Amino acid sequence: MKTQYNKLFVYFIASTAAMGGLLFGFDTGVISGAIPYFQPYFGIDDSVVESITTAGLAGAIIGALFCGRITDMLGRRIVILASAVIFAVGALWSGLAASPAQLIAARLFLGIAIGVSSFAVPLYIAEISPARIRGRLVSLFQLMVTIGIFVSYLSDLFFADNANPDCWRPMFYIGVVPAVILFTGMWFLPETPCWLLLKGREDESRRTLSRIEGPDMAETSLAQTKARIAQDREQSGWREIFKPWLRNALIIAIGVMFFQQSVGINTIMYYCPKIFLMAGFADNISAIWASVGVGIVNVVFTIVALSFVDRLGRRRLYFLGMSGIFVSLICLAMCFAFNQYLGDAGKWLSIITVFLYIIFFAASIGPLGWLIITEIFPLKVRGLGSSIGSLSVWVFNSIVAFTFFKIVKAFTLPGSEIIVQGESTGNPAGAFLFYAFIALVGIIWGYFYIPETKGIPLEKIEKHWLEGGSPRKLKND
Ligand code: BGC
């Protein structure tokens with residue numbers, strides 16, 4: 001039966017959700033263009049910069065960790081509204097920071113909203129959208145994250161001004177705008193029918209479902225949701241998810257996010273202009289321009305991945321992407337290793353290899369990671385399983401962000417240091433070789449653990465785990 005739904009209302013939901021994704025991406029990317037300005041402003045070294053970046057991630061871990069329970073207690077809508085307020089206050093606080101310690105506190109606070117929105121917004125969309133377009137709307141959220149990163153690079157570029165040492169402040173302030181849009185939009189949206197039912201508010205749930213799907217479909221959806229809630233109550237999620245039959249699913253969720261983060265994607269996302277300065281760009285503004293290029297390539301190839309993922313399949317896309325990541329990281333390492341001999345060409349070669357690296361990431365393990373964690377768990381533990389996956393993202397992301405400059409320093413051969421704006425910094429060649437090695441391990445790991453879930457009904461995946469099948473043997477026959 002073809003499901004009817006209220007298009008206008010659903011699109012309103014989608015655009016509001018888009019703001020949640022956009023904010024997540026914006027606050028991921030904004031720091032990169034601000035670093036070259038607030039670092040000299042405060043006169044801080046790379047390790048303090050790492051702490052400022054990592055503070056946001058630590059906040060995201062706190063947000064993702066507690067958000068599951070709070071969204072169940074207070075409702076999805078209230079939590080998203082609260083996150084919009086935190087986004088706005090965090091943006092203002094970051095811009096107003098009078099010391100590095102205040103900036104750390106502000107980023108930690110704002111990070112909570114990033115962690116909350118990365119979990120609560122897709123959950124809200126998934127629960128409120130009609131089944132027929134649920135997949136599309138949830139993946140739209142991923143695309144919006146990359147658009148948010150791109151927008152943040154653009155606004156960094158807009159405010160970047162070498163003559164104004166305070167120019168990093170408005171880069172942060174501007175984050176208030178999408179937060180206000182998210183808050184205002186969310187204010188007019190209802191709570192999800194699923195949560196309302198969970199709280200015994202059946203009439204309200206029916207009313208919301210009627211607005212979304214029309215009165216006829218509302219009764220069917222209501223009955224289905226009731227059945228699902230009853231099934232979920234039979235099993236305790238935490239006890240179930242650690243049972244041996246789900247061990248492989250858990251390893252895949254944590255493993256795929258480990259490799260997604262440990263190939264170093266966010267060293268580029270957060271420190272991109274800084275890396276381009278190391279590669280030989282003379283001033284902050286041209287380095288931020290190069291980052292805008294990275295932002296565009298990221299969005300475009302995420303769109304490409306969305307169209308390929310159901311055609312090429314997960315495994316093929318994974319191996320193709322990870323091999324490309326491996327090769328481009330080796331090339332990037334070479335560009336830096338031979339920096340002194342390559343002269344101006346080194347600068348352009350390193351830009352090209354960073355672009356190639358982003359292309360392979362955006363078209364494979366970037367979106368694949370998020371997709372796979374929603375596919376491999378049976379319904380009764382799907383929410384919990386995917387929240388373990390997103391929590392893993394933040395944990396591994398923090399580790400990588402916090403250790404990048406330390407790894408750069410540790411792996412710099414004497415004599416290979418690079419001079420950036422008159423100061424000697426480490427050489428990232430060794431760090432990129434290290435990430436290349438992780439990509440290689442990821443390819444081998446993937447051979448055993450990446451499942452081909454393309455076109456396979458989710459119940460069949462559950463049956464495969466119950467029968468003790470290995471991830472590699474999952475087939476649609
Ligand atoms: C990752 C983020 C990353 C983004 C870049 C996502 O898949 O989870 O950590 O910043 O891709 O586009």
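The structure presented is a predicted model; accordingly, all values stated were derived computationally and were not measured. Ligands are counted one by one from 1 in listed order, and the atoms in each one are counted from 1 as well.
The shortest N/O to N/O separation between Asn266 and ligand 1 falls below 3.5 Å. Of the polar atoms of Gln260, at least one N or O is found under 3.5 Å from an N or O of ligand 1, judged by distance alone.
The ring of Phe377 has its center no closer than 6.0 angstrom to the ring center of Trp245. If you look at Tyr153 and Trp289, their ring centroids are not closer than 6.0 Å.
Contacts between Val145 and ligand 1, counted as non-hydrogen atom pairs separated by less than 4.0 Å, are absent for every part of the residue. Here Asn298 has side-chain heavy atoms under 4.0 Å from ligand 1, and that is the only part of it that gets that close.
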side-chain hydrogen bond (donor to acceptor under 3.5 Å, both in side chains) between Tyr37 and Asp161, worked out: CA-CA 9 Å; Tyr37 293 100; Asp161 178 358; over 6 Å; no
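Using a cutoff of 4.0 Å between basic side-chain nitrogens and carboxylate oxygens, Arg76 and Glu191 are not scored as salt-bridged. Under the 4.0 Å criterion applied to side-chain N and carboxylate O atoms, Arg314 and Glu375 are assigned as salt-bridge partners. Residues Asp46 and Lys409 are not paired through a salt bridge, judged by the lack of any N-O separation under 4.0 Å between the basic side chain and the carboxylate.
Contact between Met257 and ligand 1 is absent, with no heavy atom of the residue lying under 4.0 Å from the ligand.
Annotation for ligand 1: atoms under 4.0 Å from non-hydrogen atoms of Gln261 are 1 (C), 2 (C), 8 (O), 9 (O). Under a 4.0 Å criterion applied to the non-hydrogen atoms of Thr146, ligand 1 contributes the atoms 12 (O). Which parts of ligand 1 touch Gly366 is read off a 4.0 Å heavy-atom cut-off, strictly below it: atoms 7 (O).
Cation-pi check for Arg315 over Tyr447 is met; the charged atom lies under 6.0 angstrom from the ring centroid and within 45 degrees of its normal.
Of the protein's non-hydrogen atoms, Trp370 NE1, 3.7 Å is the one closest to atom 6 (C) of ligand 1. Of the protein's non-hydrogen atoms, the one nearest atom 11 (O) of ligand 1 is Phe361 CE2, 3.6 Å.
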